[in-house]
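Structure first, then comments.
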Amino acid sequence: MLRRFQQAEGLLGSGGKVNGELLAKMPNLRVCSSVSVGYDNFDVDALNQRHVVLMHTPTVLTETVADTMMALVLSTARRVPELDAWVKAGNWQKSIGPAQFGIDVHHKTLGILGMGRIGMALAQRAHFGFGMKILYNARREHEEAQSRFGAPVL
């Protein structure tokens, strides 16, 4: 493996530390990339000293995380995990009543902390898909959130 590292001109990181110690074993390295949003595993100063380009994929999970967040909102409101266990335990013996309905999400208010890429994607799903009012809190006002969703900053 050391021989291959010495010949490598590129490195695709997926979790291991890329630091000065590793870079010393890779004299021909010219470029590194993460396969995720973050680049915490890369020693940026060490890469800069060696003039090695570092890339990452900041938008790769935006839509996926927004989908998951909306699924969690729906699952919580409709009590999906709780009622799944209730049914599997054999408790569904007759028609269900209000105790099992959960609550609607349409036309409710959703508060979002941070209005970056993921916050905007979640707001889009909630506002346009479920007619939800959007409120948000962020370090700065987000004009697009205010114009697209009528979302005031708190």
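Predicted, not measured: the structure shown is a model, and the values here were computed from it.
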Between [X] and [Y], is there a donor-acceptor pair closer than 3.5 Å when you use the side chain of the first and the backbone of the second?
| X | Y | answer |
| --- | --- | --- |
| Asn28 | Gln6 | yes |
| Trp92 | Lys94 | yes |
| Asn19 | Asp43 | no |

Review point. Counting heavy atoms not belonging to Asp40, are there more than 12 under 6.0 Å from its CG?
Key: no
Exercise for review: Evaluate whether atom CD of Gln7 has more than 12 neighbouring non-hydrogen atoms of other residues, nucleotides or ligands under 6.0 angstrom away.
Suggested key: yes
Review point. Taking NZ, NE, NH1 and NH2 as the nitrogens, is one of them in Arg78 or Asp104 under 4.0 Å from a carboxylate oxygen of the other?
Key: yes
**Study point:** Pair listing, ring pair (Phe, Tyr, Trp, His ring centres under 6.0 Å) test, anchored in residues 46-72, at least two apart
**Key:** Tyr39-His56
Point to revise | Residue pairs fulfilling ring pair (Phe, Tyr, Trp, His ring centres under 6.0 Å) with at least one residue in residues 107-139, sequence neighbours excluded | key: His127-Phe149, Phe128-Phe149
Check your understanding: Can you check side-chain contact (heavy atoms from CB on, under 4.5 Å) on Met115 and Glu144, steps first, answer last?
Key -> CA-CA 10 Å; Met115 196 49 85; Glu144 186 179 358; over 6 Å; no
Do [X] and [Y] belong together in a cluster built from hydrophobic side chains that touch within less than 4.5 Å?
| X | Y | value |
| --- | --- | --- |
| Val80 | Val87 | no |
| Leu122 | Leu61 | yes |
| Met132 | Val153 | yes |
| Ile112 | Leu135 | no |
| Val44 | Met26 | yes |

Review point. Who are the side-chain contact (heavy atoms from CB on, under 4.5 Å) partners of Ser36, not counting sequence neighbours?
Key: Ser34
**Study point:** Non-neighbouring partners of Ser95 that pass side-chain contact (heavy atoms from CB on, under 4.5 Å), sequence neighbours left out
**Key:** none
Any chance you could measure [X], atom [atom1], to [Y], atom [atom2], to the nearest 0.5 Å?
| X | Y | atom1 | atom2 | answer |
| --- | --- | --- | --- | --- |
| Leu83 | Asn91 | CG | CG | 10.0 Å |
| Leu11 | Phe5 | CG | CZ | 6.5 Å |
| Lys108 | Ile103 | NZ | CD1 | 6.0 Å |

Would you list the atom pairs, donor with acceptor, under 3.5 Å between side chains in residues 62-74 and any protein atom, with sequence neighbours excluded?
residue, atom, partner, partner atom, Å
Thr62, OG1, Thr59, O, 3.4
Glu63, OE1, Arg125, NH1, 3.1
Glu63, OE1, Arg125, NH2, 2.5
Asp67, OD1, Arg125, NE, 2.7
Asp67, OD1, Arg125, NH2, 2.9
Thr68, OG1, Thr64, O, 2.9

Taking the side chain as everything from C-beta on, heavy atoms only, tell me whether [X] gets closer than 4.5 Å to [Y].
| X | Y | result |
| --- | --- | --- |
| Val37 | Val60 | yes |
| Val18 | Asn41 | no |
| Phe42 | Val52 | no |

Practice item. Check which hydrophobic residues are tied to Met55 through side-chain heavy-atom contacts below 4.5 Å, counting indirect links as well, and list them. Key: Val31, Val53
Review point. Where is the tightest heavy-atom contact between Pro81 and Ser75, given as atom of each residue plus distance?
Key: CD-O, 3.7 Å
Exercise for review: Please report the closest heavy-atom contact between Ile134 and Ala126, naming both atoms and the distance.
Suggested key: CD1-CB, 3.9 Å
